[in-house]
Each structure stands twice: as structure tokens, then as C-alpha cells.
Amino acid sequence: MSVNISADKGTIPAFIQESWQRCISKGLQPSMMDKEDMLGAFELAEYHDRYAELLYHSSPILEEVYHSINGLESILLLAAPEGYIIETVGDPAFIRHADNVSLRKGANWLEESKGTNAIGTAIVEKNPVLIHGSQHFHQDNHFLTCAASPIYHPDGHLLGVLNLSSHQQNYHPFSISLVQRVADSIKQALLLSHTQKREKNLYFIYDSYPDPLITLDKEGKVTDLNSAASHVIGTLEKQVSNIVSGTDPLVLERRVSIKDQEFLVQTLEKNMEHQSSVIVRLKKQKLIDGLTTNRYQFTDIISNDPQMNQTISIAKRASALDISLLITGESGTGKELFAQSIHGYSLRSDKPFIAVNCSAIPENLLESELFGYEKGAFTGAKSGGHKGKFEAADGGTLFLDEIGDMPLQAQASLLRVLQERSVTRVGGHASIPIDVRVIAATNKDLQKEMEAGEFRADLFFRLCGLSLKLPNLRSRKDLLLLAEYILADLPYKSEYTELTVEAKTFILEYSWPGNFRELQNVLGQAAFLADKGPITRDMLVALCPVSSITNEEGAIADREPRNFQEQETPAYQKCIGTNRWKYQ
């Protein structure tokens with residue numbers, strides 16, 4: 001008997017016909033089966049180690065199922081995704097019979113090795129399959145009837161295949177249902193184990209987290225809290241309304257007062273399908289010179305751009321690592337927004353965030369600003385001396401903006417501080433230990449600056465524990481989303497200001513050399529000039545200071561210069577006269 005490729009397709013399932021075609025295309029012959037593709041003892045042991053979790057959870061289930069079908073001359077097999085059989089349970093007499101066709105531990109049963117068969121075809125189809133008698137590609141396997149079902153890991157990837165084989169005369173149409181149910185049982189056992197591990201790990205993280213964490217149900221009642229929160233809130237018998245006064249108990253993106261302490265409440269997770277619906281973090285607000293230590297969070301970053309979303313994801317992961325970061329990108333791309341968000345997401349979030357613009361401080365004052373000075377250090381020094389930004393940021397984050405503009409002498413001093421983790425004030429001798437995370441930012445190409453001798457390579461590698469490159473506005477895919485957000489957030493709007501189709505097209509075409517800052521400025525002025533009417537393309541063209549438009553290929557095309565003075569409206573003249581609009 002041989003495989004009949006021309007058989008009536010109404011009697012042979014389509015997936016078996018397709019499997020036969022795959023076998024023929026690989027050069028397999030029905031009369032010749034490879035029985036040599038076997039794992040050695042050492043290799044089989046490696047597979048047992050690799051799939052130890054699957055074997056641990058499946059073995060008791062397979063034993064239980066086998067006892068239920070004992071006497072049916074059958075064998076249960078567990079195969080790895082690579083097709084190798086790693087476990088067998090079954091009737092000894094049938095096991096000896098199956099051994100004649102290498103249906104045993106260590107044998108490979110992928111289609112390219114054993115032709116159409118339940119294990120190999122289930123791996124290809126990614127679904128349960130039943131292969132009966134002459135449906136097997138190789139003649140040696142025609143005495144078998146086999147049902148197989150994939151077993152998927154809780155995260156979705158293929159973890160193995162469960163197979164039930166017996167004599168073809170013992171064929172039963174419900175065998176595939178049995179195999180599928182057993183495979184589901186194994187998957188559920190794996191899922192339960194992973195859930196328990198996850199809950200255990202999450203509870204450990206939850207309880208040891210330094211900030212107060214509380215879990216609330218749908219009614220706003222506290223259902224759990226970590227050790228830090230218990231010191232603030234006390235017992236579990238309180239409603240969230242007793243903790244957070246105001247409106248909806250699940251709207252927790254604001255400051256609250258708990259036991260005479262000010263906190264910023266952030267929603268970390270919402271799951272409205274379960275009783276424990278919200279996990280929130282209470283962050284102590286520390287005041288420095290009348291300002292909170294952190295103004296921005298990742299929730300303030302508006303994005304529907306894949307590249308920006310990936311950068312946000314990396315930044316969140318980097319927040320937990322206490323390493324130096326270097327943020328690069330053009331002016332106006334949001335480098336300080338990212339720096340503050342990273343600080344707010346880190347374990348230093350309740351400590352100071354100090355920002356220094358290295359290009360805005362005169363060279364002769366930069367070191368005294370960063371490291372402080374003792375009394376009498378120079379003419380005009382304060383009588384009591386002055387602590388620098390490093391000391392002010394102790395325990396928190398120091399943001400060095402425009403680091404590429406720092407003079408070489410100051411770079412050498414900064415390198416020494418980063419290496420020694422201590423500062424010596426100008427005019428002083430005492431070494432003051434500091435614990436500061438440094439986040440630096442620049443719009444310059446520091447590689448070129450190093451080649452030109454304008455930036456120290458050793459400082460670059462000290463600052464660049466991890467590099468984040470922010471995309472410019474012209475490369476982002478969410479320009480219109482950003483535009484709508486800016487317009488919706490204007491403080492002086494009386495109603496929503498619309499963009500015409502032509503205006504939207506211009507926003508997508510224009511190169512926006514000033515990035516978000518320029519987009520914000522132009523739309524703010526255009527909304528004012530529109531005076532509750534639509535914003536047109538001409539308004540935007542007139543307000544853009546750089547005459548460049550990006551075409552579909554990314555090239556820059558000059559547009560006709562416009563004399564905006566001739567197009568001034570009384571409203572615009574009023575805007576200029578009052579100097580109302582200032583964008584950071």
C-alpha cells in the first residue's frame with residue numbers, strides 16, 4: 001500500500017493532502033523512512049533540562065490518563081517543538097511494537113523526518129490533528145492511528161506536542177478530543193504555576209517597594225497595602241474617600257493630603273474585571289525653593305508614534321537602573337521632559353531633581369555652580385559660602401542639559417566628581433560625598449565633538465551608561481495627534497479650534513526644524529488669529545519662520561517666501577503688542 005496523492009479529496013482531509021505534497025517536495029519516499037534521526041543520551045538529557053517545567057507538570061497528568069485507558073494497547077508521547085520525543089507512557093506490548101518504527105524517546109518526528117504524522121503535522125498546522133492508517137505518508141506507519149495536540153506556554157509560544165498512538169483497528173473519532181483536553185489540562189497546570197510565581201514575585205515587589213502602594217476595589221475600599229503605606233494610612237478599614245477627599249475615588253492623578261503630609265497619587269494599574277481594581281502609588285512631594293522636585297511624568301508624554309513609544313518603553317526600564325543616562329536629540333524634542341519622567345519613575349522620585357543648563361552659565365562660574373564654593377573663594381562670593389547643584393541634588397537626580405557646550409576644564413572636573421562620587425567646593429579642601437544620578441542631554445553629535453577634541457571621550461563613556469535618542473518631529477507618525485492635543489490644551493480657547501484639510505496636509509509636509517516647541521508656538525498663534533474660525537494652511541505658512549517643506553521622499557523643498565507684514569491682522573498686531581505667547 002502506498003500514499004495515493006490522487007485520491008478523492010472528499011475522503012482525505014485537505015491538511016493531509018497538503019502534508020503529503022510537502023513530503024514529496026522534500027524528496028521523501030513512502031517506502032523509505034528515516035529511522036536514524038535520534039538524540040544521544042547526552043542530547044536527550046539536555047532536552048529534559050530544557051523542557052523540565054513541561055515534564056514536571058505533564059508527567060502526573062499523563063500517568064493519570066494512561067491508567068484511565070490502560071488495556072487499549074496505546075502509548076502517550078510528549079514531543080518538544082523541535083519534533084523530538086522526550087517522554088513516553090503506555091502499554092509495554094505496544095511500546096515494543098512502536099519501537100519498530102522509532103516511535104520512542106529521542107526520535108525525531110517532524111514531517112521532514114517521518115513524513116505525514118500526528119506530531120510533525122500538528123507542529124506545522126499549529127492545531128490538533130488526527131492521522132489514521134494510510135493517511136500516514138510512510139507505509140511503515142500505516143498500522144498506527146495517532147492524535148496529537150499542541151501545548152502552548154502561558155505566554156503563547158509552542159512548548160510541546162501531546163500525542164496518543166494505538167493500532168489502527170482501535171481507531172476512535174473521539175481520541176482527538178481526549179488528546180486536546182489533556183493538552184489543555186497541561187496548559188492550565190502551567191498557567192496556574194506561572195500565576196502563583198507571578199503573584200509571589202509581585203507580592204514581594206509590592207511589599208518591599210519604597211513608596212506607599214495601596215490596592216483599591218471598585219467601591220474605593222482599600223483591599224491591600226504594602227509596608228510603606230501602612231505607616232501612612234494605618235488599618236485597612238478605611239474607604240478611599242477617607243484618604244482621598246473629592247470626586248471619583250478611581251481618578252487618582254492629583255495631590256492629596258494624608259495625615260498632614262502632601263502626596264502625589266498615581267494610578268499604576270487598572271483592572272475593572274476583578275475586585276482589586278486599582279493599584280496606586282503615593283509619592284511624597286518635597287519642596288525645593290518653593291517648587292516640587294518633579295513637574296513631568298511619562299503620562300505627560302503624548303505619543304502614538306512607534307519609535308517614540310519604543311523610546312518611552314526603554315526609558316521606563318532604564319528608570320529602575322541607577323545608571324547615568326545620555327539623552328540626545330534636536331532642540332525641542334523633549335529631552336528635559338524625558339529626564340524628569342525618568343526621575344519620577346525611579347526610586348529617587350521623592351528626592352530632588354535639579355536641572356542645569358551648561359550653555360547658560362558663564363565658563364568662569366560653571367564650576368562654582370556645579371560644585372559650590374567656600375566663603376572668600378572669589379570676589380563677590382557669599383559670606384557663608386554656597387553649596388552647588390551636586391550637593392543640592394544629593395540622593396536625587398542632576399540633569400545636565402546642553403552637556404556638549406561644557407568647557408573642557410569643567411569637563412575634567414565633572415569627570416573627577418563622577419569617578420570619586422564626591423565634590424570639593426571651589427576654594428575648599430574637604431571632600432563631600434554625594435549620591436547623585438546624572439542624566440545628561442545634548443543636541444550635538446558628541447562623537448564628532450570628541451573627534452574634534454571638544455569633548456572628552458572618558459567623560460562621554462562615564463555619562464553614557466545608556467543612550468536615548470529622541471526622534472525629531474518630522475520623522476514621527478503622530479503629528480496630527482500632537483496638533484490636536486496642543487489645540488485642545490490652549491488656555492484661552494473658548495471652543496475647539498479646527499484645522500482645515502489643507503492645514504493638516506501642511507503640518508505633515510513641513511519639516512518643523514524647531515520640533516514640538518515650534519509646532520506649539522505656531523498653533524498657539526494660529527488659534528488666536530483664527531478667532532474661533534478654522535486654522536488654514538495660509539495661516540500656518542505665514543507663521544513658520546523656516547521656508548522648508550518635507551516631501552514624501554524626505555527631501556526639503558523651498559517654498560515661496562511670504563511677507564507676513566502685509567498680511568498682519570489687527571488680532572495679530574494685538575498679539576505682538578501684548579507679547580502674550582511664550583512657549584518653553
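Any value given below was found using the heavy atoms of this structure, including those in side chains, with hydrogens, waters and symmetry copies removed.
- Between F399 and F353, the ring planes lie parallel to each other; the angle is under 30°, not in the 30° to 60° tilted range.
- Rounded to the nearest 0.5 Å, atoms CG (D445) and CE (M450) are 8.5 Å apart.
- Summarising the geometry of L408 relative to G453, their closest heavy-atom pair is CD1-O, 3.6 Å, with the distance given to 0.1 Å.
- Scanning all heavy atoms of the two residues, the minimum distance from L325 to A318 falls at CD2-CB, 4.2 Å.
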| field | Evaluation steps, side-chain contact (heavy atoms from CB on, under 4.5 Å), between I535 and L529 | value | CA-CA 8 Å; I535 295 177; L529 294 174; over 6 Å; no
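- Counting only heavy atoms from C-beta outward, the side chains of I301 and T299 never approach each other to under 4.5 Å.
- No donor-acceptor pair under 3.5 Å is formed between the side chain of S467 and the backbone N or O of C464.
- In this structure, H429 places its NE2 atom where only 12 or fewer heavy-atom neighbours from other residues, nucleotides or ligands lie under 6.0 Å away.
- Side-chain contact check for L523 versus L540: some heavy-atom pair is nearer than 4.5 Å.
- Residues I432 and T424 form no side-chain contact, since every pair of their non-hydrogen atoms from C-beta on lies 4.5 Å or further apart.
- In this structure, CD1 on I312 lies 9.0 Å from CG on D305, to the nearest 0.5 angstrom.
- One distance of note links CG of L482 with CE of M308; it measures 8.0 Å at 0.5 Å rounding.
- For F460 and F455, the gap between ring centers reaches or exceeds 6.0 Å.
- Residues L446 and L326 have side chains in contact (heavy-atom distance under 4.5 Å, counting atoms from C-beta outward).
- Of all heavy-atom pairs spanning P471 and S475, the tightest one is CB-OG, 3.8 Å.
- When all heavy atoms of N443 and S331 are compared, the closest pair comes out as ND2-OG, 2.9 Å.
- Taking 4.5 Å as the limit, some side-chain heavy atom of T397 sits within range of a side-chain heavy atom of I439.
- Between I327 and K469, the closest side-chain pair of non-hydrogen atoms is not below 4.5 Å.
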Run the side-chain donor-acceptor check on residues 410-418: report pairs under 3.5 Å with partners two or more places apart or on a different chain.
unit_1 : atom_1 : unit_2 : atom_2 : d
Q411   : OE1    : R456   : N      : 2.8
Q411   : NE2    : M406   : O      : 2.7
Q411   : NE2    : E454   : O      : 3.2
S413   : OG     : E367   : OE1    : 3.2
S413   : OG     : E367   : OE2    : 3.4
S413   : OG     : Q409   : O      : 3.4

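- In this structure the side chain of R425 reaches within 4.5 angstrom of the side chain of K387, judged on heavy atoms.
- Taking CZ of R476 as the reference point, atom CG of L481 lies at 8.5 Å (rounded to 0.5 Å).
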Let's go through N309 and S303 carefully: what are the C-alpha distance in whole Å and the side-chain angles of both, what is the deciding distance for side-chain contact (heavy atoms from CB on, under 4.5 Å) to 0.1 Å, and is it a yes or a no? CA-CA 7 Å; N309 290 344; S303 172; 2.8 Å; yes
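- The pair D401-K335 does not meet the salt-bridge criterion, since no charged nitrogen lies less than 4.0 angstrom from a carboxylate oxygen.
- Without hydrogens or angle criteria, R437 side chain to G396 main chain gives no donor-acceptor distance under 3.5 Å.
- For the atom pair CD1 of I507 and CG of L519, the computed distance is 6.5 Å after rounding to the nearest 0.5 Å.
- Heavy-atom neighbours of Q310 CD from other residues, nucleotides or ligands within 6.0 Å: at or below the threshold of 12.
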Applying salt bridge (charged side-chain N to carboxylate O under 4.0 Å, His left out) to D405 and K444, what does each step give before you reach the verdict? CA-CA 9 Å; D405 294 320; K444 290 188 174 182; 2.7 Å; yes
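- Using a 4.5 Å heavy-atom cutoff, the side chains of L398 and F390 are in contact.
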What's the verdict on side-chain contact (heavy atoms from CB on, under 4.5 Å) for H343 and S319, showing C-alpha distance, side-chain angles and the deciding distance? CA-CA 7 Å; H343 171 76; S319 300; over 6 Å; no
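- Side chains of E336 and Q340: a donor-acceptor N/O pair is present below 3.5 angstrom, by distance only.
- A donor-acceptor contact closer than 3.5 angstrom links the side chains of E518 and Y510.
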Worked check of salt bridge (charged side-chain N to carboxylate O under 4.0 Å, His left out) between R537 and E509: CA-CA 11 Å; R537 177 188 175 93; E509 292 176 343; 3.5 Å; yes
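- Between H157 and H153, the ring planes are parallel. Angles under 30° get that label, and only those over 60° would be called perpendicular.
- Contact between L366 and P407 at its shortest, heavy atoms only, is CD2-CD, 3.6 Å.
- No side-chain donor from either of N515 and T333 sits under 3.5 Å from a side-chain acceptor of the other.
- The salt bridge (charged side-chain N to carboxylate O under 4.0 Å, His left out) analysis of residues 307-330, with sequence neighbours excluded, yields the pairs D322-R348, E330-R474.
- The two atoms that bring S349 and G344 nearest to each other are CB-O, 3.4 Å, heavy atoms only.
- Checked by atom type, the side-chain pair D538/T536 shows no donor-acceptor distance below 3.5 Å.
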- Let me see the working for V356 and L370 under side-chain contact (heavy atoms from CB on, under 4.5 Å), right down to the final yes or no. CA-CA 8 Å; V356 179; L370 288 176; 4.1 Å; yes
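- For the atom pair I354 CD1 and E391 CD, the distance stands at 12.0 Å (nearest 0.5 Å).
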